[in-house]
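Beneath this line is the structure, given in structure tokens, with notes to follow.
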Amino acid sequence: MRATLAFDEPITAVPGVSSRRAGDLQRMGIRRVRDLLANYPRRYIDMSAVRTVADAAIGQMATIAGIIHEVKLKRPRPKLTLVEVAVVDQTGVIMVTAFNQPWLKDKLHPGERVALSGKVEFDYGFKRMTNPIVEPTQGEVEGVILSVHPSSAKISQKQMRALVRAALQMTEGAFDPLPLDLRRRYRLMSRQTALRCAHFPQSMAEAAQARRRLAFEELVLVQLLMMTESAKRTRGLAPTAHTIDGPRVQRLAAALPFELTAGQAAARDDLLRAMAAPSVANHMILGDVGTGKTAVAAFGLAAAADSGGQALVLAPTEVLAEQHARGLGSMLEEAGVRTALLTGSTAPRERERIVAALADGSVDVLIGTHALMEDDVLPARCTLVVIDEQQRFGVDQRAALLAKGAAPDALYLTATPIPRTMALALFGNMTLSYIKERPHAGSGRTTHVLERADRGRAYDAAKAALARGEQAYVICPLVGVSADEREEAAGRGAFDEDEAEFYPHVAIEGAAGDAACPLTAAKDEASFLASTVFPDHRVELLFGGMPAEEKRAVMQRFADGETDVLVATTVVEVGVDVPNATVMIIEDADRFGLSQLHQLRGRVGRGEVPGEVFLVSASKKPQALDRLAALERTDDGFELAAEDLAARREGDLLGNRQSGASALKLVNVVRDGAMIEEAHASAAALLVADPELGEGCAAALAREMRSTFSGEQYEYAVVGG
């Protein structure tokens, strides 16, 4: 029992952790013993497969062990530093070059033994590695697997390994929370064995089996958490079993100006079936750009009205909310459903009238933005909440809207094409519907990747489109180039060389490894294009920080054809439908995620004329250009999402703070699809057998779940709860 309880002891309980060192660990997010044990190695250096300098093949990846002979710090030009390290073994010398890592000069010392892992090249008469993994191995024994843990400037790798060993000793003999039948069924190691083998494996095969066991446990715990929290939200409340064949639903079906696709019809049936059940519906519709998710949601809204209830529809932007009010609202009004629109720009007197009408039940569906979350927006009987582009809202925002009703059904819409395995991993407490075919595909689009020097091709295509009376978008990653905006962009992430991951948000100059490569700013670009490239056409600027009325006016002029070229940030990513726009130029395209680029390009080719999309990149990095090439190969958002996920963390697609992804340290949703399916089914079966998780092994698993997700992590792991 003591070993089991040790997992939740403070980090100061680990031998060798002083109060000062505890502070260093806490800054890494390590507060308890379990946090230290979950600080899994980022990678392993296989010391049993070490090559000599002479044997290391040029052009191939290799691990070389040797002794540092010399360390030099050079500054070939301002803002560029490089550290050169000469490493020798019994067969020769290999040179290591590390760019913009000046701290290595103080970290590495002549006479120290190191292991190098990287690609071997030949230049200036020597074998070389550029930015390899450099790991001091002083005192380590060759012929074993060397773990490389996340560490910090205050805690070395050697110290981190010693702390992990101490934590493993403290927890030796702890109870395994995963039921024995699950471990037998899937042939999984015990947890303590898996922890030992994950941190200090004797072979790479052993490390893989340890990761498999611990990843499965992560998934089961996340699934149980989401499922139990979803049930807890409505415990003791009376859900609404909606009427799904009432007069408004029937009139809506007759009023639709088009026939639903097979995917839309199936999603509609899934939604209505969930709403008709005597339990709270927690449903998500996932569909690529233009697949008609809103038309499906309309049936749920009509069912709420037929059942004597009301519905709230939350959109992330005023542009999208207004589009819903025009399209979705008009369809519903024709079916006899009373609608209204509430945004931050609604006039005070009109707002007062709408809020009163919602409170007395004379409004059936209220469409709006964050204004819906205001305290005085109180529906008489809210039985359905619809959240469009749900990934744009935080846990607290979604919870605030759901609190507007006693136990409302929840419908989430997302145009981020999430593969099923990822949806199960992150949204295991929801029922899911997929829509893949587009009802009105338009003429489609072709996509071209261009180097910045070749952007003239894109301008020529835009000029040709304007000459035909069509319109064009130019998308930029930043509004302006003030110091504050650059600093903000820097804080949002960039290309991480160490982990080979790409984050979808914009970066600043040089952040992706391309020196002296400033990002294109929308304000500067609009001025440049208006005066130089398109002097005979009307060019306007649109970005999120503009006053709402000004944004609306700019967008309306573009929709009416008065503006020829719209220079914008990603504010046009969703909710903008201008069929006459046929060309889109995206500057610094390598700084966006594939799914985001796919949504952006969905703004063109929506009419009768095919669209053209030009992805302009200043990057010289092959991996960045290879990513963009995927958009040339396919127009399938789900395929692109799978490629995006293969190269970056799952949570980055939706935001770690939006989902259970923050708890998934070892899971890769592309690689581990089958495991996710099995973990989801296992968690559901455990809850069917014991809904309260109060008996035997289930109780132990419940305790582990609560301990794992206590505090801050607990909040972030709950989606739709």
Side-chain angles (χ1 to χ4, degrees), residues 229-230 232-234 237 240 280-284 294 297 300-301 304 309-325 328-329 332 338-415 427 429-430 544-545 547-549 551-552 571 573-575 654-655 657-659 715-716 718-721:
E229 286 298 310
S230 185
K232 189 187 299 182
R233 176 169 70 87
T234 56
L237 300 175
T240 300
V280 172
N282 208 23
H283 194 71
M284 176 179 282
T294 309
L301 298 170
Q310 295 166 288
L312 300 175
V313 180
L314 176 64
T317 65
E318 288 196 11
V319 170
L320 186 52
E322 289 166 358
Q323 180 172 303
H324 283 336
L328 177 63
L332 291 171
R338 299 163 297 182
T339 67
L341 173 67
L342 182 66
T343 70
S345 301
T346 303
R349 184 169 296 180
E350 175 66 6
R351 183 186 187 281
E352 186 177 334
R353 184 193 68 78
I354 291 171
V355 169
L358 185 71
D360 67 24
S362 54
V363 166
D364 298 315
V365 174
L366 182 58
I367 301 167
T369 56
H370 295 74
L372 298 184
M373 299 176 198
E374 295 294 328
D375 292 341
D376 62 340
V377 179
L378 296 171
R381 183 172 180 255
C382 177
T383 63
L384 176 65
V385 167
V386 178
I387 301 180
D388 196 8
E389 293 299 318
Q390 68 85 32
Q391 72 278 5
R392 293 178 175 235
F393 299 97
V395 173
D396 291 341
Q397 291 173 316
R398 293 193 291 261
L401 201 61
L402 289 167
K404 301 285 184 179
D409 287 349
L411 172 61
Y412 303 92
L413 309 178
T414 180
F427 307 115
N429 58 328
M430 298 184 186
E549 195 57 41
K551 271 194 294 189
R552 188 180 301 108
V571 69
E573 183 179 346
V574 295
L654 302 179
R657 295 172 70 93
Q658 307 290 332
S659 66
E715 176 188 350
Y716 295 162
V718 180
V719 178

If I take atom OG1 from residue Thr343 and atom CG from residue Leu320, how far apart are they, to the nearest 0.5 angstrom?
12.5 Å
How close do Gly361 and Ala380 get, counting heavy atoms only, and between which atoms?
N-CB, 4.0 Å
State, to 0.1 Å, how close Thr346 and Arg351 come at their nearest heavy-atom pair, and which atoms those are.
CG2-N, 3.6 Å
For Arg338, what residues pass the salt bridge (charged side-chain N to carboxylate O under 4.0 Å, His left out) criterion, not counting sequence neighbours?
Asp364
So, applying side chain to side chain contact (heavy atoms under 4.5 Å, CB included) with Leu372, which one of Leu401, Ile367, Val313 is it?
Leu401
Test of understanding: with salt bridge (charged side-chain N to carboxylate O under 4.0 Å, His left out), list the residues that count as partners of Asp360, not counting sequence neighbours.
none
I want to check something: taking the side chain as every heavy atom from C-beta on, are Val385 and Leu314 in contact at a cut-off of under 4.5 Å?
no
Close side-chain approach of Leu358 and Leu342, heavy atoms under 4.5 Å
no
Could you tell me whether Glu350 atom CD has more than 12 heavy atoms of other residues or ligands within 6.0 Å of it?
yes
Quick check for you: to the nearest 0.5 Å, what is the distance between Gln310 atom CD and Leu366 atom CG?
9.0 Å
Give the minimum heavy-atom separation between Leu384 and Ala304, together with the two atoms involved.
CB-CB, 4.2 Å
Smallest heavy-atom separation, Ala340 atom then Ile354 atom, equals CB-CG2, 4.1 Å
Can you list everything that forms a side-chain hydrogen bond (donor to acceptor under 3.5 Å, both in side chains) with His324? Sequence neighbours excluded, please.
Asp388
Nearest heavy-atom pair of Gly344 and Ala371: which atoms, and what distance?
N-CB, 4.0 Å
Taking side-chain hydrogen bond (donor to acceptor under 3.5 Å, both in side chains) as the definition, give me every residue that meets it alongside Thr294, ordered by chain and number, with sequence neighbours left out.
none
Nearest heavy-atom pair of Leu402 and Ala410: which atoms, and what distance?
CD2-CB, 3.8 Å
Main-chain N/O of Val365 paired with Thr339 side-chain donor or acceptor, under 3.5 Å:
no
Hey, is the main chain of Val377 close enough, under 3.5 Å, to the side chain of Lys404 for a donor-acceptor pair?
yes
Taking salt bridge (charged side-chain N to carboxylate O under 4.0 Å, His left out) as the definition, give me every residue that meets it alongside Glu374, ordered by chain and number, with sequence neighbours left out.
none
Test item: Val386 and Leu413 side chains (from C-beta on) under 4.5 Å apart, heavy atoms:
yes
Report yes if the side chains of Leu328 and Leu301 come closer than 4.5 Å at any heavy-atom pair, otherwise no.
yes
Could you note down all residue pairs passing salt bridge (Lys or Arg N to Asp or Glu O under 4.0 Å) where residues 309-319 supplies at least one of them, sequence neighbours left out?
Glu318-Arg552
